[in-house]
Amino acid sequence: MSFFKAEKVREAASGNWLFIVSALAPHAEAALKKPGRHVSCPIHGGKDGFRLFKNFLETGGGVCNTCGPRHDGFELLMWLNNWDFKQTLDAVGEFLSVEKELSWKEQQQQNQNQYRNQKAKACVNGGYTQPAPAQSAPRPQAPVQPSPAPAPAQAETNVVSLSREQSKPWLMELQEEMERRAERQKAYSAKLQGKIVRIWEEECMPMSSDLVEPMRAYFQNRELLFRKRLANHT
């Protein structure tokens with residue numbers, strides 16, 4: 001039986017968790033509309049017991065004040081819908097229309113069909129003077145395609161097409177805003193990293209021997225510990 005490969009589904013889900021969770025866990029909509037802010041927990045209720053991570057678009061994670069963090073979208077959906085991992089993987093894979101992998105048995109059947117096709121073509125193009133009877137000649141067969149797994153019931157997974165989710169104005173607006181926010185954060189992090197490197201390489205000076213003892217005393221007073229003594233680096 002064909003199946004979804006977790007790595008392929010994870011890759012496809014990155015950047016799409018807003019639409020995925022909106023479709024598969026609509027009871028988390030209050031949190032989706034305010035990513036990074038505390039809202040009522042979709043499981044326990046209350047006023048501010050749950051929030052989505054700021055990098056929700058990429059990870060799909062969130063945290064409940066009672067149950068703790070759910071590090072990615074799979075963990076979050078398992079918690080929100082009381083699913084196991086396979087149910088979650090199948091629901092996300094179906095929603096994103098990820099191509100399924102063939103099982104070992106299906107791969108063997110496909111290989112056999114391909115071999116029969118090649119053998120039949122070789123027989124036709126081989127120039128035999130007495131062709132084999134029609135009923136005994138191997139006939140080309142199309143590779144067996146895996147039968148699609150039945151879609152989860154609407155009542156169980158709430159799966160809807162990605163195009164329908166994109167038709168919601170607030171979803172599209174929020175997606176664009178979160179993408180802009182992520183780009184600003186990346187630009188800020190890159191600028192900060194460059195500033196740190198510049199200070200370290202261009203503005204820092206080696207510590208002279210007469211400063212070793214005052215620096216050691218300073219760090220010791222601040223209760224900062226080092227694996228090696230400062231005196232060893234003069």
Side-chain angles (χ1 to χ4, degrees), residues 4-99 149 151-193:
F4 288 108
K5 192 172 183 179
E7 291 78 3
K8 291 178 66 174
V9 178
R10 286 184 186 277
E11 182 179 357
S14 180
N16 291 310
W17 283 112
L18 185 62
F19 301 107
I20 296 169
V21 176
S22 175
L24 304 182
H27 51 295
E29 185 170 297
L32 294 174
K33 290 183 176 181
K34 298 179 180 180
R37 298 172 59 182
H38 288 270
V39 298
S40 174
C41 179
I43 301 298
H44 306 103
K47 294 183 179 181
D48 58 356
F50 179 77
R51 67 178 174 86
L52 299 174
F53 294 150
K54 292 182 179 180
N55 61 350
F56 175 76
L57 281 185
E58 289 74 29
T59 65
V63 58
C64 169
N65 289 353
T66 302
C67 302
R70 307 296 160 179
H71 299 91
D72 60 27
F74 293 96
E75 289 187 11
L76 185 68
L77 287 172
M78 290 168 65
W79 174 70
L80 287 171
N81 295 333
N82 195 27
W83 289 345
D84 59 28
F85 180 75
K86 186 178 185 306
Q87 286 176 295
T88 306
L89 183 66
D90 289 346
V92 176
E94 291 286 352
F95 177 77
L96 297 174
S97 300
V98 177
E99 184 180 0
Q154 182 72 14
E156 296 179 357
T157 60
N158 300 301
V159 176
V160 297
S161 67
L162 188 59
S163 60
R164 281 183 59 189
E165 284 305 302
Q166 290 177 339
S167 66
K168 296 181 179 180
W170 71 269
L171 267 178
M172 295 304 299
E173 293 173 3
L174 183 58
Q175 174 87 358
E176 293 171 359
E177 172 58 29
M178 293 181 71
E179 288 175 351
R180 288 194 295 267
R181 190 184 307 169
E183 289 299 322
R184 290 196 298 267
Q185 182 61 39
K186 288 180 181 179
Y188 172 78
S189 298
K191 182 178 179 180
L192 183 61
Q193 180 66 26

Can you sort out the partners of Glu11 under salt bridge (charged side-chain N to carboxylate O under 4.0 Å, His left out), two or more places apart, ordered by chain and number?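 Salt bridge (charged side-chain N to carboxylate O under 4.0 Å, His left out) list for Glu11, sorted by chain: empty.
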
Salt bridge (charged side-chain N to carboxylate O under 4.0 Å, His left out) involving Lys5 - partner list, sequence neighbours excluded: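 Applying salt bridge (charged side-chain N to carboxylate O under 4.0 Å, His left out) to Lys5 gives none.
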
Please report the interatomic distance [atom1]([X]) to [atom2]([Y]), rounded to the nearest 0.5 Å.
X      : Y      : atom1 : atom2 : result
Asp90  : Trp83  : CG    : CH2   : 10.0 Å
Leu18  : Leu171 : CG    : CG    : 5.0 Å
Arg184 : Glu179 : CZ    : CD    : 12.0 Å
Arg180 : Glu183 : CZ    : CD    : 11.0 Å
Ile20  : Leu96  : CD1   : CG    : 4.5 Å
Asn81  : Thr88  : CG    : OG1   : 7.0 Å

Extract all donor-acceptor atom pairs below 3.5 Å that involve side chains of residues 52-65 and protein atoms in other chains or at least two apart in sequence.
{"from": "Asn55", "atom 1": "OD1", "to": "Thr59", "atom 2": "OG1", "distance (Å)": "3.3"}
{"from": "Thr59", "atom 1": "OG1", "to": "Asn55", "atom 2": "O", "distance (Å)": "3.1"}
{"from": "Thr59", "atom 1": "OG1", "to": "Gly61", "atom 2": "N", "distance (Å)": "3.3"}
{"from": "Asn65", "atom 1": "ND2", "to": "Asp48", "atom 2": "O", "distance (Å)": "3.3"}

Quick one: which residue pairs count as a salt bridge (Lys or Arg N to Asp or Glu O under 4.0 Å) with a foot in [range], not counting sequence neighbours?
range          : result
residues 60-72 : Arg10-Asp72
residues 32-46 : Glu29-Lys33
residues 15-26 : none

Check side chain to side chain donor-acceptor pair (under 3.5 Å) between His71 and all other residues, then give those that pass, not counting sequence neighbours.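 For His71, the residues satisfying side chain to side chain donor-acceptor pair (under 3.5 Å) (neighbours in sequence not counted) are Glu75.
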
Taking side chain to side chain donor-acceptor pair (under 3.5 Å) as the definition, give me every residue that meets it alongside Ser189, ordered by chain and number, with sequence neighbours left out.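 Expected list: Gln185.
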
If the condition is side-chain contact (heavy atoms from CB on, under 4.5 Å), which residues does Asp84 pass it with, not counting sequence neighbours?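 Once residues adjacent in sequence are excluded, the partners of Asp84 under the side-chain contact (heavy atoms from CB on, under 4.5 Å) criterion are Lys86, Gln87.
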
For Ala6, check side-chain contact (heavy atoms from CB on, under 4.5 Å) against everything at least two apart and list the hits.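 Ala6 satisfies side-chain contact (heavy atoms from CB on, under 4.5 Å) with Phe85, Leu89 once adjacent residues are dropped.
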
Looking only at heavy atoms, which two atoms of [X] and [Y] are closest? And how far apart?
X     : Y     : result
Val21 : Ala28 : CG1-CB, 4.3 Å
Leu80 : Ala25 : CD1-CB, 3.7 Å
Glu94 : Phe4  : N-CZ, 3.6 Å
His44 : Cys67 : CE1-SG, 3.2 Å

Quick check: does any side chain N or O of Ser40 sit under 3.5 Å from a backbone N or O of Lys47, one acting as donor and the other as acceptor?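 The answer is no, because no donor-acceptor pair under 3.5 Å joins these two groups.
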
